Structure formats: structure tokens, C-alpha cells
K.L.:
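Supplied in C-alpha cells, the structure appears directly below.
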Number of protein chains: 2
Amino acid sequence: MKASRFFIGTLKEAPADAEIVSHKLMMRAGMIRRVAGGIYDYLPIGLRSIRKVEAIVRDEMNRAGALELLMPAVQPAELWQESGRWVQYGPELLRLKDRHEREFVIGPTHEEVVTDIARREIKSYRQLPVNFYQVQTKFRDEIRPRFGVMRGREFIMKDAYSFDKDAAGLAESYRKMFDAYVRIFTRIGLEFRAVAADNGSIGGSGSHEFHVIADTGEDAIAYCPDSDYAANVEAADALPLSATRAAPAEEMKKTPTPGKAKCEAVADYLNIPLERTIKSIVLATDNEGAEPTIWLLMLRGDHSLNDIKAHKQPGLAGYRFATEQEIIEWFGTPPGYLGPVGTRKPVKVIADRTVANMSDFVVGSNEVDYHTTGVNWGRDLPEPVVADIRNVVEGDPSPDGRGTLAICRGIEVGHVFQLGTKYSDSMGATYLDESGKPAPMLMGCYGVGITRILGAAIEQNFDDKGIIWPEAIAPFEVVLCPMGYDRSDTVREQADKLYAQLQEAGIDVILDDRGERPGVMFADWELIGVPHRLVIGDRGLKEGKLEYQARRDTEATLLPVDEAAQLVIGKVRAALAR
Amino acid sequence: MKASRFFIGTLKEAPADAEIVSHKLMMRAGMIRRVAGGIYDYLPIGLRSIRKVEAIVRDEMNRAGALELLMPAVQPAELWQESGRWVQYGPELLRLKDRHEREFVIGPTHEEVVTDIARREIKSYRQLPVNFYQVQTKFRDEIRPRFGVMRGREFIMKDAYSFDKDAAGLAESYRKMFDAYVRIFTRIGLEFRAVAADNGSIGGSGSHEFHVIADTGEDAIAYCPDSDYAANVEAADALPLSATRAAPAEEMKKTPTPGKAKCEAVADYLNIPLERTIKSIVLATDNEGAEPTIWLLMLRGDHSLNDIKAHKQPGLAGYRFATEQEIIEWFGTPPGYLGPVGTRKPVKVIADRTVANMSDFVVGSNEVDYHTTGVNWGRDLPEPVVADIRNVVEGDPSPDGRGTLAICRGIEVGHVFQLGTKYSDSMGATYLDESGKPAPMLMGCYGVGITRILGAAIEQNFDDKGIIWPEAIAPFEVVLCPMGYDRSDTVREQADKLYAQLQEAGIDVILDDRGERPGVMFADWELIGVPHRLVIGDRGLKEGKLEYQARRDTEATLLPVDEAAQLVIGKVRAALAR
């Protein structure tokens, strides 16, 4: 491509509504333009990257045996009523009426439509397994669209849906998609992690998210650098920080801690490690026609409660935080100095796994300005109910026993999910099994956010000059910047020759023949993020040299003219061979 | 692709709502499935053909210098209000409200969005010309969607929009798109004609439709087999059928024609050629506060009035047919025996070009049961206003002077259109010209109905067994049908070898390894329309032979095993090289 025949829409400034770096840079590089909130034009330079992502995704889906089809954006309400999601799905489901007042939705996802295909087309076990996928434009009516392609309303997704005879088949289809996703993100050239949505083990989990690692990511991920363990911080197993409990060494003793309500202040005041203190969290569950049950959840002073885990504890599914009134009634004191010893009315105690193995710990005395030290299970308190109720922290042991956890932030770009018979049951998608009996198909669904990947790639790869694209999804792999293309025959001939050589080798090259000043040229291509640049100038050519600079290099390298093309071709090919 | 890993959804019967052959065959071949009226799933076999059409269209658009981008399906109402089409566009424009009650449309076309891009991005004449295109899913809320992909509601289009400095630039952009369209439909392998929407001359016209020729087409097209002249029958110039007028040879004479109101009956009764009779058509135009103007349009007895041409005559833009009351008042007689001679009140006479050169013709006498023969211009009637007001018929001289016209039927699959400043003016899309003054951009728009091409290709190419695909858009180019793939090692090895050879050569081949009976295999692939078939069987292999059959062949040909692959590769390549 020659720049004079291309459309380059770089901007000096990003618009005020662009809050995060990928949104700013995609606007400034001329990749996207806002049409309405969360709705964008993809300008030619942006679409080039999208098409490259799509091509890699299609290639890996086909390799995994999935079959591409295309389902409609506009879907009849009846299908959503059958599945129950017409009611369950909130206002993010954009509903509309056609000219005959029939109700439709613009599909945010296609489980209903694909299940409708399966129930009509698949009659026999001989037709299973099958995996249908599409690359399609979706709409989700976000209440507050923002962050450009990261949380848009209209966006492109690859969604796949597998149908299997049984759980073993589903596990196999799931594994194939999991592996395909690993290849997709590897080929794109991103640092990513497959994150278990529940317990972090790949084999045993029914759902994984694929996250691109970036400091600006929305989600906190706990992972083990020494293994493939990774989970959302909310979902990661928090193991006890000591395997056994030491014998009591202190007497239990009430100590004044005037004005020290927080664990940090208590530890500081008593000159003990924070890890000796206990945080008491009081929850309530309501009982119809009777007084509520009050729960005391105990965490180590430096740990934090995990809501999701707490909700999973027997009896706690519908919990709320206790009111001050209730706390005074059950503990005889307002919040701040609470503890399990000597409550006014009985409370149900749950100790976090780590707390359960602590000894000689410090808790509130249920009296303002007092804490009790040297508290021990069994001696001063009954043995507690033990559960994993905290968030993991950096340095926790990895649940797979292969090291310690680190925490990073990530951007979700893919999701694989074992649906089981959720839709097959509600929509009657059955097949005849080997014995001729109808059985529900087992479904999996697998999504990749095509447009979101662009944003995530930028959040992971940028500097103060602009985007730094991985070769595989760069709008162009190489840019040729001739200094005086319109003035110097030597420069023009050399630039044209390189252009021809690179094109011949299948390199996606752009020749900047616009006649812009070097500063403008360099700034444009650094902003756009082309990974390799060759500068062709009279001065260098006199000595048989060109300037080569990779986008991440801080300085240019001089290359012999005759070797430049081969060198760049080699670099691009090596990157694409990932 | 191996058939056992593909999804084949052939049906014995088409559903009752499939009226035309392409709809029936696309359903039966498992290419599409109905989701709602005019809304379809494209199953894998259908999508394969769509992708091939898209690839050819993209290739030719890129070659013509157009730049691909992607605009959203969901568009804000504000843009349509600016252009005026929010009001002008009827209920086919699907309107909807988002969760914040803001109004949007699902785009049936993208003039507004692309003009919005142009007015924001294009500042200077230096950025012109530019041509943006996209391949995108559109929605048109047809009141009565039918005929499958031929008149669907959700469909895929390629739409391109050119922006130029001036009319000469627009003409050049238009010509490039015209040429690209010719290449697209030639490469796809369809018989087609570029049809002028007005006068049929390529250079002078602001709009052309590209029609695939098919007996079942909706539109009648007049074309010259000896030149590239083609126009909608409604738009084709009707030349006079004789260049000069013969001198009068008869006296004017009133003749009884009892009960003979129609020209055919009069000619028959008087034993004269129909070409000697004149058809009188009475129109009226209303004048505010005064009596209407009454017009008498005269056509040769075998010709028919062309509404569109009549509307273009000075004074006739708002015409209606005269009422019986008016006819009696102006002609002194009810309809049936009307003529220009001796009307009761003055009427404005317009003679068709052919009528203007007639002599000794027959008209009604303005008296029931009487016609007047031997009527001549100049002698019996004043010289008339002459105009082209009839439809062309088969055998008419071609307006380009290069033969005579033939009539065929066509299906519109593409449209190129010079919009001029329609949208630039209403939406303020200006650029700064060489002298620094703002000027409106000149626009052209260019559409290809991607999904519609599938239907049109089938309407042109089918037989009683099914579809006959041109190679370029066939879901598969070659099918291998082994007889006993699961039983005979010889057959399986030979089939696998051919499969590998064809794949190696880049042929899109499917190996039917399903183990179906030959009758089922052949019927499936004939229905699906794969253009080339090789049958591998033990009996033939003993003699070193395979059976080859092109989809249009009535019988198979025996080929030496070793030559089969090369022969088929050659045939496919020759077809794709069009």
C-alpha cells in the first residue's frame, strides 16, 4: 500500500471522552471514530488490524474442526421467550418492534438461535459432536458505554457453540476450544493467561476466561508464575498460611487499646505483627417470623473478605451485613472492638482457614477501647467452623502446590464455558442416542471479543509515542519512510525497490510517499504503531546504508542497503511464526 | 474438507413458503434456514459461497483503489434527520430506541454515516478523491419479505461511497466502479448486463444497474445483442420505426366499426395491419381554480404507453387518467372510439415518434361504432407535438444505431449511482479547494447485493437435480465420491490420494467419506451443485479408470486414474481465470 492512496487520519489530541490509553490511541491513530455512545466507525487502518485478528481466529477455529456459519443480528423474541432470557436479560438486551409490531432483539449472543438450529438439524447421535462458530457483529446496550472498543455497544465477536452427546464429549470439545484459544492469543503475540472462573484448575473447571495481562486491566488475577494456575482473585483458593496450629504460649488477657478500632492500629499500639490480629466481620441472615441469625466471620488482620466465597457457605447464601442495632444487641457493644469471646447472645463463628491455624491471637473484647490477646482455639473458644472466605494475596501458596501466587491485572478477551443442558432443556434440543431414545445435547459456548482484542493489545503495548503492535495484528508490518521521495531519484528508486521486494515476500508494507516532513512521518507511524521502520535518505545511501528501527528500539541501526529487506523479512516472519 | 466432519443439511422437500427456484434450492441444499420472515441463518455450505463472493468483491474493490472500512449497523437518528431521510424513508427503515430512549435505526444503507465521516475527516482537496467501501449486514424492513435471499430483510451488501472534487472526478470514480463491477460479475461467472437506469448510454448516464440474466428475473431489460447497449424496458429510448413520413395516399373517411373498440379488433374487422391503427390515451392535468387540461397521447396500435416517459413531458409531470365524465365533455363520446379529429373541446395532442411518421392511419371518430381511416398529419390534423412516450419492443432499432433490440429478464445484483451533492449539501460535507474556498464534495454510491448474488446465480444456473454453481462461488469446486470408502482399501487409498493431490493444488475439494449409498451421495452433491465430480469405484479401478462428470454433463466420462487430478485441476483453474 502506498500512503498517498491510503487514508491516514491521525490526530494530535484525543477527544475528551477518551479516558483510557487504548481509547485515546485508537482515536489518535485514526483507527476508530465515534458515531454514537459505544458505537464506532472502524476506519481503514483499524479495520486492517481487525481483519488480521479475525483471520487468526478463523484459522484456529477451522483447525479445531469448528464449522463457520452466520446467524442473524436481528432475532425473534419468541426464541428468547423459550429460553427464558427474554425476562432474565436486563436492559442490555436491545429490544425492538418491526413494522408489523412483532418483537425482536439485536443479538448480544446467539445461544437461542444456535440451539434452534441444533434442535431442527441434529436428529441422531451420528451427527454429534458438532461445533458451529461465527464472526459476527453484536449489540449490548451498556448503560454507560466507555473505554472505546473495550466496553462498546456494537462490537464484533467470534462465538462458537459445541453440541455433544455426553459430558465426556463436552469435556473434549471444551478442551479443543481451550487449546485453540491458547494458540490464538499466542499467535496474536499477547501476554495472556487462561483464568479459571471458579477453582483455577483447567481440568475440573466448567469455565475459563482468557485475559490479556495489562496494568490497566479491570480484573485482578491470581496466578502462579511457576505453573499454569490462574484464577480471578475472587475465585482463587486461599490456602491456610500455616499447615498446623502451634500450641498456646500465652494466657488470654484483656488489654486496653484506647481508640484503636482497626487491626493495623491495634498491632501498632501493641507492637505486634498485624498477622497476629483478627478482623471480625458481623453478618446477619433473616429468619421468617423469628430473630435473625448473627454470624461472626474471622479473618487475619491483613486479609479481606471474599463476598463470593462467603455467599457459598452453608446458611449464608442470602447474607447481609448486620446493623449497628443488631451488633449492640448480640455483642453488647457497637462495632470496633468485637470478638468471639463473651458475646451477649450466641453467634455462629466461621474462621478463615488461616485463622483456624493461628494461636495466641488478638481479638476485640466486646468492650470499647479493649482487645483480648493470647486467644486460642479449643482453650478459650470452641473449635470453629472453618472455611475459605478470604481473597488471596500476593505470596499465598498456589493451590496447585507448585509455588506461590502473584497478582496481576487483566483484560478479558475470551471466555470458554460448559453450558451443559441449560438451553437444550429449555428449548428442547434433543437427539436420538444409540438406543434410539431422545437425550438432551450437551452444549458449550466459546467467545472471543475481536474488537476488544485491539484495545487489550494496546493496553499491553504502548509508550508515550503511541501504539506498539505485535506484528500479527499490526495494520502494516513495515513502513518505508523515504526522505524526499518527490525530490530525489535515488531515494525514490531505492524506496520503490524495497517496496517491491517486501511485497514480493508477502510482507504487509506501506510506503510513505506523501511527501511529509520526516518529523510528521515518524510521528504518524510511531503513533499508529507499525513494528518495523526503514528510513531511506540520500545521506545514508551515499554510504550504502539505511536506517532500521523496530518500534520498541530507542535508536536506529544502520544497515547495508542490500541486506535491509532480508533482515526485515526475517524479523516479521519470525514474529508471525509464533 | 471431509464430509464426515462437515455439516450437510440437504432436504427432500422445500418448505411451503419457498416460491421461487433459488429459494427452494437454497433451502433443500442446506445453505440457508429461516429464522423469521426475511431473516436467515447461513449454514456452513451457504456461508462458503458467500465468502467466495465477498473475496472477489473485495479483491476488485481494492484493485480499483477503494479503501475498506466498517461502519456500524446501528445508527443514530440524528444523522438521518440531517439528511432528511428520517422523514422521507418509509417503514422499511427499522427504527428503535435504546435504553435511554434515544432513537436509532438499523442501517439499510450508509450514505449518512459515510458523509459524516467525510465531513469530519476530509479537509482539503489534497485528500480527494477517496472511495470508502464496506462489506456489511444491512436491514430493510420489507413489508412482505419473500423469495429467500432475493428479497430478505437482513442481508449482506458491499456498499462503496466515492468523494470527489468535481464532476469530472466523480465521472472517473464512477467509471472505475463500473469497470470493477464488470470484472466482479465476469469473475463470478454469471451472464449479466450493465443496464442504464435512464438512457442506456454508459458515458452519459448517472446510474447503472447490473442485472444477472434469468428468465425468472423481476425486471425486463432491452438490450442490443450487437453492442453493449442495455436499459430497463421502461428507460430505453424508443426510436421512430420509420425515419420519414410517406405522402398521403388515401382520403380521410369515416367507417363503421360496430362494437370494435380495441385496435386489434378494428384492424381485424377492416382487414388492415395493426400497425396502421392508432391507440388514443386520454390524460388530464389539473389547473387550480380552472378546468383541467385534457391531453390526447397517440401510440401505434401495437405499442404501449410508458408512464415514466409520459411523466417527463412538459406539462405532464402530475398527470392522471381522464375520467369518463371528462372524456364525454371533451370528446362528445365515452371511451372506445376516441380520436384527434373533431373533438368537442380543444385537447393537447402528443404523438409518439413512430406515430408522427405514419400516414393514412386509422383513429376513432369520436362517435360510438365508428373509426376514421386515411388520416394524415398536416392535411387532416395539425402537425403534432412529438415525443418518445412508448415502451420499446423486441425488434426496435437499438438507440446506439448498432442493431435491433432484444428483450430479456434480469435480477438486479449491483447498482452504481452518481449522487452528486445530495448528501454533501444537506449534511455540509465540504472541502477547501485549491483556492482555499469551501466546496461541496461530489459523491457516488455503489452497491453489490452479496447474498442476493447467490439467489441470482441459482436462478440462472439450475436443473431438475439442483443447483449448478459457477466454480468461482461454488461451496466446493470438486467432490470425490468413493464407492465403499469404508469397505475397500483400494478405493479408500485412491480417494485419499486424489484428495491430497487436489488439496495440494489449491482446489476446494470435499471427500464424501460418509459411507452413504451412491444414490444418496450423487443426489446430495447434484442438489448442492458442486461443479465437478469424480467417482472412485473398485470396478473402474481394476481397469485403471475413474468416472468424471461435470455438473452440466448428462453422462460420465471414464478417465485414466493417473490423469484425473490434472484434468480436474485444469478445468477448475480455467474457470477461475475468467
Side-chain angles (χ1 to χ4, degrees), chain A residues 1 5-7 9 30 33 35-37 39-48 50-51 65 67-76 78-79 90-92 94-100 102 104 106 113-114 116-117 120-122 126-127 130 132 134 136-137 139 141-143 153-154 156 514, chain B residues 1 5-7 9 30 33 35-37 39-48 50-51 65 67-76 78-79 90-92 94-100 102 104 106 113-114 116-117 120-122 126-127 130 132 134 136-137 139 141-143 153-154 156 514:
Chain A
M1 181 65 73
R5 295 181 199 161
F6 192 63
F7 177 80
R33 288 295 184 260
V35 178
I39 300 177
Y40 294 90
D41 292 317
Y42 297 96
L43 296 186
I45 214 158
L47 188 63
R48 291 180 75 90
I50 290 177
R51 292 282 183 249
L67 298 173
E68 188 174 2
L69 47 58
L70 184 62
M71 294 179 274
V74 177
Q75 311 176 358
E78 287 79 4
L79 291 177
E92 283 175 19
L94 187 58
R95 296 151 212 253
L96 55 102
K97 288 181 180 171
D98 75 0
R99 63 192 291 165
H100 302 298
R102 289 193 208 99
F104 289 84
I106 307 187
V113 178
V114 79
D116 181 52
I117 292 176
R120 288 185 292 161
E121 303 295 325
I122 296 170
R126 279 185 292 262
Q127 292 171 280
V130 67
F132 291 122
Q134 63 176 352
Q136 202 252 5
T137 296
F139 200 94
D141 201 1
E142 294 277 354
I143 190 162
R153 293 201 287 177
E154 187 170 320
I156 303 176
R514 295 177 295 167
Chain B
M1 181 65 73
R5 294 181 200 162
F6 193 62
F7 177 80
R33 288 294 185 260
V35 178
I39 299 177
Y40 294 91
D41 293 315
Y42 297 97
L43 297 185
I45 214 158
L47 188 63
R48 290 180 77 90
I50 291 175
R51 292 284 183 247
L67 298 174
E68 188 173 3
L69 47 58
L70 184 62
M71 294 178 274
V74 176
Q75 310 175 1
E78 288 79 5
L79 291 176
E92 282 173 20
L94 188 56
R95 296 151 212 254
L96 55 102
K97 288 181 182 171
D98 75 359
R99 64 192 292 166
H100 302 298
R102 289 192 208 98
F104 289 84
I106 307 188
V113 177
V114 80
D116 180 52
I117 292 177
R120 287 186 291 160
E121 303 296 325
I122 296 171
R126 280 185 292 262
Q127 293 172 278
V130 67
F132 291 122
Q134 62 176 351
Q136 201 252 8
T137 297
F139 200 94
D141 201 2
E142 295 277 354
I143 189 162
R153 292 201 286 177
E154 186 169 321
I156 303 176
R514 293 178 295 167

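We use all heavy atoms of the structure for the numbers below, so side chains are in, but hydrogens, waters and symmetry mates are not. To find a chain, count down the sequence lines: A is the first, B the second, and so on, and within it residues start at 1. Small disclaimer: the values here were computed from a predicted structure and weren't measured.
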K.L.:
Can you find a heavy atom in the side chain of B:D41 that is under 4.5 Å from one in the side chain of A:V113?
P.N.:
yes
K.L.:
In sequence, state the C-alpha distance, the side-chain angles, and the governing distance for B:V74 and A:V35, and then conclude on side chain to side chain contact (heavy atoms under 4.5 Å, CB included).
P.N.:
CA-CA 9 Å; B:V74 176; A:V35 178; over 6 Å; no
K.L.:
Which atoms of A:R99 are under 4.5 Å from chain B, going by heavy atoms: the side chain, the backbone, both sets, or neither?
P.N.:
both
K.L.:
Is a salt bridge present between A:D98 and B:R153, judged by a nitrogen-to-oxygen distance below 4.0 Å?
P.N.:
yes
K.L.:
Would you find more than 12 non-hydrogen atoms of other residues, nucleotides or ligands less than 6.0 Å from A:R5 atom CZ?
P.N.:
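No, CZ of A:R5 has 12 or fewer neighbouring heavy atoms, counting only those of other groups under 6.0 Å.
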K.L.:
I'd like to know if A:R48 pairs up with B:E68 as an ion pair, taking the criterion as any Lys NZ or Arg NE/NH1/NH2 lying under 4.0 Å from an Asp or Glu carboxylate oxygen.
P.N.:
no
K.L.:
Nearest 0.5 Å, please: how far is CG in A:L67 from CG in B:L47?
P.N.:
10.5 Å
K.L.:
Out of B:P76, B:A36, B:P91, which one racks up the most heavy-atom pairs below 4.5 Å with chain A?
P.N.:
B:P91
K.L.:
So for A:I156, is it side chain, backbone, both, or neither that comes closer than 4.5 Å to the heavy atoms of chain B?
P.N.:
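For A:I156, the contact with chain B is made by the side chain alone.
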K.L.:
Select, from A:V130, A:L70, A:I45, the one with the greatest count of heavy-atom pairs under 4.5 Å involving chain B.
P.N.:
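Top count of heavy-atom pairs under 4.5 Å with chain B: A:L70.
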K.L.:
Considering only heavy atoms, which portion of A:F6 lies under 4.5 Å from any heavy atom of chain B: side chain, backbone, both, or neither?
P.N.:
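Its backbone and side chain both get close to chain B.
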K.L.:
Within this structure, what is the CE-CD distance for the pair A:M71 and B:E154, rounded to the nearest 0.5 Å?
P.N.:
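Reported to 0.5 Å precision, the distance equals 11.5 Å.
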K.L.:
What part of A:L43 gets within 4.5 angstrom of chain B, counting heavy atoms only: side chain, backbone, both, or neither?
P.N.:
both
K.L.:
Using a 4.5 angstrom heavy-atom cutoff, name the option from A:R126, A:E142, A:Q136, A:R51 with the most pairs to chain B.
P.N.:
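Max contact count across the listed options: A:R51.
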K.L.:
Return the minimal non-hydrogen interatomic distance between B:L69 and A:Y42, and the atom names on each side.
P.N.:
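Between these two residues, the closest heavy atoms are CB-O, 3.1 Å.
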K.L.:
In terms of heavy-atom proximity below 4.5 Å to chain B, should A:I106 be classed as side chain, backbone, both, or neither?
P.N.:
side chain
K.L.:
With rounding to the nearest 0.5 angstrom, report the CD1 to CZ distance, B:I122 to A:F7.
P.N.:
6.5 Å
K.L.:
Please classify the contact between A:Y40 and chain B as side chain, backbone, both or neither, with a heavy-atom cut-off of under 4.5 Å.
P.N.:
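Contact with chain B: backbone only.
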K.L.:
Highest number of heavy-atom pairs under 4.5 Å with chain A: which of B:T137, B:L96, B:D141?
P.N.:
B:D141
